[in-house]
Every structure is written in structure tokens, then in C-alpha cells.
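Down below is the structure, laid out as C-alpha cells.
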Amino acid sequence: MDREGGEAIERQRVDSDSFDLPAVLAQLDRREPIEQRAAVETIRDALTDHPGACIPTVPKLRALLETPELECHESVAYCLAELADESPADVAPSVAVLVSVTDEHASRPATPELLRCLSTVAAERPAAVADHAATVADVIDRRSGYDHHGLCLFRALSMERPAAIEPAVPVLTDALAADPESNGVPTLSALGRVARSEASLPTLEFVEGAMALVDHDEASLRNNAIGCLADVASHSPLAVEPASTDLTAALEHDDPETRANAAVAIARVATEATAAVDPAREPLLELLEDDHERVRANACVALGHGRVEAAADRLTTLARADPEPRVRDRAGWALGQLSS
């Protein structure tokens, strides 16, 4: 039996000053499903005020997930997800079981909470989840729609283990195409990190989706799209060259992060397509006087890759007098490019 409902039960209520851990652990050990469900609900009640006190219940909650006759798997999964928020290290040893249960019961209502749990662990303990990336990708692919927490799991893994999520690239690509506004922020972040790593990309289909978001009104979506294109351009500049016009327009955006990301994307495209800088010359020259140091620094790099001789005097001034060391360094590098 694999249901999430069942008869009403009475449970041990938790006040603001007490949580009887030994009693709850003993109740979880009983073989009567009603007693076990009551214990799970007691833990759920306690999580608001006493999450730390509930940590020792993790192994027993994990075991309940593998109990098919239990009718509260969704509550068990919720408890584990909340406990992962409290202490990812204590939930990390349960990852293999959580992934296995999720894989076996992908359509179960508990799966979103299990994916939330795994995503939280991945953010703090990526090594515990990295080897399961392919299985999680398959689960997300089999489910209806694309679970946000599952996509965030890959974003979390990509921060330290980008090569581990290579098997998830097709699923992330499909999720981006299916609903860019809902799925774009985590998928673009994850795909970009894979692109700039040493991992081999099985597809670059997502580049087209990223290009379509370069002028999006939502800042996080727009900046992740441009950042993803910059990451792709670090290894495949020509794949991003068709976005040069839109990236040039982004150089004049009010958001400094957008301007900075667009400048670095153009710079990387110019490593193999110098002409990509041509339509962006004037905006890039203006960015040398931008108030934000990252914008100025990235504009220097783009102008250097584009061999823009008209920038020489301004680059010389920046190399000597800019208050930020990073800008002085990039300006000096760009001058070297002009004279090489």
C-alpha cells in the first residue's frame, strides 16, 4: 500500500518547553503504523520550536520511508527536509536511501519534499549528493513538470562539483525551454558553471534559450542568462557570437551587474571573433568611466580583446590612476594587447 492519507490519529502534542525525545524514539520503533504516524506528527509539531532536539530522529525517519505500509511518507519527507535545514551534516548519511526511495516512487507526493531535502544537503555537503546526480535527473525527467527544488539541487552541486551534473544537462535544457521564467534562474546558473568547467557538454541547445532572456525585465533571470552566455563563451566563443547585438544593448542597461556581465560576455566572444566588439565600441568606451569597478574592469578586457586602438588614451589613464587595483591591472593588460 502506497498512500499518503489514512485514518485520523491522535498525537503527542508538544508545548513550547518540552520535547520528549526518548518517548518519540520509542514510539517510532513500534510496529503499529498508527503509533509511528503519531510520532511523526509529534516531530513535525516540534520542528518549529525545537528542530535541534529532533535531529536524533533522522535515522528512524529514514527507515520509515522504506516502510510501504506507512501512510504518512509525505510528513516523513517534510520532517527530513526541515531537519536538513537545521543540520545538513546529520541528514547527509541518509542521501543514498532518500535517492533510492525517490527513484522508486517518483510520482509519490513525498517526492518534492525529498528533493528539497536533497537540495539542502547538496548546498552544504555536495560530495554526499554528487554521485546521485544522474538518478535525480532521471526522477525529474519522469515527473510531471520540473521540480524547483530538484533544479536547485543541480545549481547547488554546480558550485563545487560542476562535472557531476553533466548527466543532468539535457534535463536542465528541457526545463529551461519548457518554462524559462520559472526555471531559468537555477538552470542557467547550473548550465553556466558546467560550461566553464572542464566537463564536456552533451548539448549547447540551451544557448538559444539564454539568448532569448538577455533583455528580460527580471534582473536575476536577465543576469543569469548573460552570465551563462559568458560562461559558454569561455570555451565556445562562436556559439555565443549570434548574441552580440543583444549583448551590446545590455551594455547600456541601468543595472551595473547587467553591464558588467555583458562586457565580459563580449570580451570572451572576441577571443575568437574580434569583430564582435565593433558594434560595441562606443558603449564600451563609455563604460571605462562607469561608477562600478567591475564594469570598468570588464570593459577594459573587452576593448583589449577587440584591439580597439581608440581606447588607448583612456586605458593609459586607468592603468595609472584608477583607484581600484583590479581596474588598473585590466587596463594595463588591455594596453599590452593593443601593442602586441
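The closest side-chain donor-acceptor pair between Glu181 and His216 falls under 3.5 angstrom.
Under the rule for a side chain to side chain contact (heavy atoms under 4.5 Å, CB included), the partners of Asp322 that lie at least two apart in sequence or sit in another chain are Arg296, Leu318, Glu324, Val327, Arg328. Residues forming a side chain to side chain contact (heavy atoms under 4.5 Å, CB included) with Asn224 (at least two apart in sequence, or on another chain): Val185, Leu188, Ser189. Considering only residues two or more places apart in sequence or on other chains, Pro279 meets the side chain to side chain contact (heavy atoms under 4.5 Å, CB included) condition with Thr248.
In the hydrophobic clustering of ILVMFWY residues, with side-chain heavy atoms under 4.5 Å counting as a link, Val139 and Val171 come out apart. There is no path of hydrophobic side-chain contacts, each under 4.5 Å, that joins Val264 to Leu288. If you chain together hydrophobic residues whose side chains sit under 4.5 Å apart, Leu64 and Val58 fall into the same group. In this structure, Val76 is a member of the same hydrophobic cluster as Leu25, with clusters built from ILVMFWY side-chain heavy atoms closer than 4.5 Å.
Proximity of a side-chain donor or acceptor of Glu124 to a complementary backbone N or O of Pro88 within less than 3.5 Å is not detected. For Thr271 (side chain) and Arg268 (main-chain N/O), a donor-acceptor pair under 3.5 Å exists by modelled atom type. A donor-acceptor pair under 3.5 Å links the side-chain atoms of Thr67 to the main chain of Ala63, judged by distance alone. Side-chain N or O atoms of Asp179 include one that pairs as donor or acceptor with a backbone N or O of Ser182 at under 3.5 Å.
When side chains are defined from C-beta on, Leu201 counts as touching Phe206, because their heavy atoms get closer than 4.5 Å. The shortest distance between side-chain heavy atoms of His132 and Val95 falls below 4.5 Å. Put simply, the side chain of Asp246 does not reach to within 4.5 Å of the side chain of Asp215, judged on heavy atoms. For the pair Phe154 and Thr187, the minimum side-chain heavy-atom distance is 4.5 Å or more. The side-chain heavy atoms of Cys79 and Leu47, taken from C-beta on, include a pair separated by under 4.5 Å. Proximity of Val129 to Val99: side-chain heavy atoms (C-beta onward) are nowhere separated by under 4.5 Å. At least one side-chain heavy atom of Asp20 sits under 4.5 Å from a side-chain heavy atom of Pro22.
When His148, Glu82, His149 are each tested for a side-chain hydrogen bond (donor to acceptor under 3.5 Å, both in side chains) with Arg116, only one passes: Glu82. In summary, of the residues considered (Arg108, His73, Arg62), a side chain to side chain contact (heavy atoms under 4.5 Å, CB included) with Val101 occurs for Arg108 alone.
Taken from NE2 in His235 to OG in Ser197, the straight-line distance is 6.5 Å, to the nearest 0.5 Å. Residue Ile266 holds its CD1 atom at 10.5 Å from CG of Asn298, rounded to the nearest 0.5 Å.
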Exercise. Under the salt bridge (Lys or Arg N to Asp or Glu O under 4.0 Å) criterion, do Asp290 and Arg259 qualify, and how do the steps go?
Worked result: CA-CA 10 Å; Asp290 198 275; Arg259 299 196 298 274; 2.9 Å; yes
Exercise. Between Asp29 and Lys60, is a salt bridge (Lys or Arg N to Asp or Glu O under 4.0 Å) present by the stated rule, with each step listed?
Worked result: CA-CA 8 Å; Asp29 280 335; Lys60 296 185 185 298; 2.8 Å; yes
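Few gaps surround CD on Glu66; more than 12 heavy atoms of other groups in view lie less than 6.0 Å from it.
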